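Below you'll find the structure, written out as structure tokens, and then a few comments.
These figures come from a predicted structure and were not determined experimentally. In each ligand, atom 1 is the first atom listed, and ligand 1 is the first ligand listed. When a residue number appears, it is its place in the shown sequence, counting from 1.
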Amino acid sequence: MAILNILEFPDPRLRTIAKPVAVVDERIRQLVDDMFETMYAAPGIGLAATQVNVHERVIVIDLSEEHNEPLVFINPELEILTEELDEMQEGCLSVPGFYETVTRPERVRVKALNRDGEAFEMICEGLLAVCIQHECDHLNGKLFVDYLSNLKRDRIRKKLEKLHRAQANA
Ligand code: QAP
Ligand code: CO
């Protein structure tokens, strides 16, 4: 297992559209294991392969405090089930230190493959609905800051650019 480097906004590689996984094999299972280790170490509750610079459609999520409810979504497809919207404070391991309110559909169905390559589906509500939508956005090159005003997004970009410059010079 390995802890992978997490790309940070405004890294242009976060804008890559991920390709479907053709076969769920040992290579993908290794990626999934490394993504869990990386997410748990952060710590975070969700991570998309895009964030670790692997442009394949793989997501890991674990909302539990004990890190014992791992969820794997390979080639996820979302279907919105309601017109009801929910507001939630979101953050992102690729936008460290910033949290903003985002509005999203409150119920979605996700169809995906598990780590054995078997198809499953799940109806998601609450935090899980927010998280799966946030992570599916990553696979399409989209970030939660894209839902904010240009002013707010630019402020976040400038602060992170400044931080990255300081880190590069340290
Ligand atoms: C996405 O986000 C999410 O800024 C997962 O300094 C977030 O795991 C879905 C994190 C909120 C639904 C609601 C963020 C860790 C983790 C930070 C995360 C940070 C350290 C974010
Ligand atoms: Co994120």
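The distance from the SG atom of Cys131 to the CD1 atom of Ile59 is 8.5 Å, given to the nearest 0.5 Å. Put simply, CD on Glu69 and CG on Asp62 are 6.0 Å apart, with the number rounded to the nearest 0.5 Å.
In the model, Gln30 has a side-chain atom that pairs as donor or acceptor with a side-chain atom of Asp34 under 3.5 Å. For Glu106 and Thr82, the side-chain atoms include no donor-acceptor pair closer than 3.5 Å.
When the Co ion (ligand 2) is compared with the N/O/S atoms of His134, atom NE2 turns out nearest.
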Please determine whether salt bridge (charged side-chain N to carboxylate O under 4.0 Å, His left out) holds for the pair Arg107 and Glu84, giving the CA-CA distance in whole Å, both sets of side-chain angles, and the decisive distance to 0.1 Å. CA-CA 8 Å; Arg107 258 165 69 89; Glu84 306 278 318; over 6 Å; no
Before giving the answer on side chain to side chain contact (heavy atoms under 4.5 Å, CB included), spell out for Arg157 and Arg153 the whole-Å C-alpha distance, their side-chain angles and the decisive distance to 0.1 Å. CA-CA 6 Å; Arg157 179 177 56 77; Arg153 187 171 53 259; 5.6 Å; no
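Below 3.5 Å of separation, one finds no N or O of Leu127 facing any N or O of ligand 1. Looking at ligand 1, you'll find an N or O of Gly97 within less than 3.5 Å of one of its N or O atoms. Residue Tyr99 has at least one N or O atom closer than 3.5 Å to an N or O atom of ligand 1.
Heavy-atom distances between Val95 and ligand 1 reach below 4.0 Å in at least one pair. A heavy-atom separation below 4.0 Å is found between Glu135 and ligand 1. Ligand 1 does not have Met88 within reach: every non-hydrogen atom of the residue lies 4.0 Å or more from it.
In this structure, Arg29 pairs ionically with Glu26, as a charged nitrogen and a carboxylate oxygen lie closer than 4.0 Å.
Relative to the six-membered ring of Tyr147, Lys142 meets both conditions, a distance below 6.0 Å and an angle of at most 45° to the axis.
Here the side chains of Leu128 and Met122 are in contact, with some heavy-atom distance below 4.5 Å. Side-chain contact check for Arg104 versus Asp137: some heavy-atom pair is nearer than 4.5 Å.
The protein heavy atom nearest to atom 15 (C) of ligand 1 is Leu93 CD2, 3.3 Å. Considering only non-hydrogen protein atoms, atom 8 (O) of ligand 1 sits nearest to Ile45 N, 2.8 Å. Looking from atom 7 (C) of ligand 1 to the surrounding protein, the closest heavy atom is Gly91 O, 3.3 Å.
Every atom of ligand 1 with a heavy atom of His134 under 4.0 Å away is listed here by number and element: 1 (C). Taking a cut-off of under 4.0 Å to the non-hydrogen atoms of Gly46, the atoms of ligand 1 that pass are 5 (C), 8 (O). Remark: ligand 1 atoms within the under-4.0 Å shell around heavy atoms of Glu90 are 11 (C). Every atom of ligand 1 is numbered from 1 in the order shown, and the set under 4.0 Å from a heavy atom of Val130 is 12 (C).
Counting heavy atoms closer than 4.0 Å to ligand 1, residue Ala42 contributes nothing at all.
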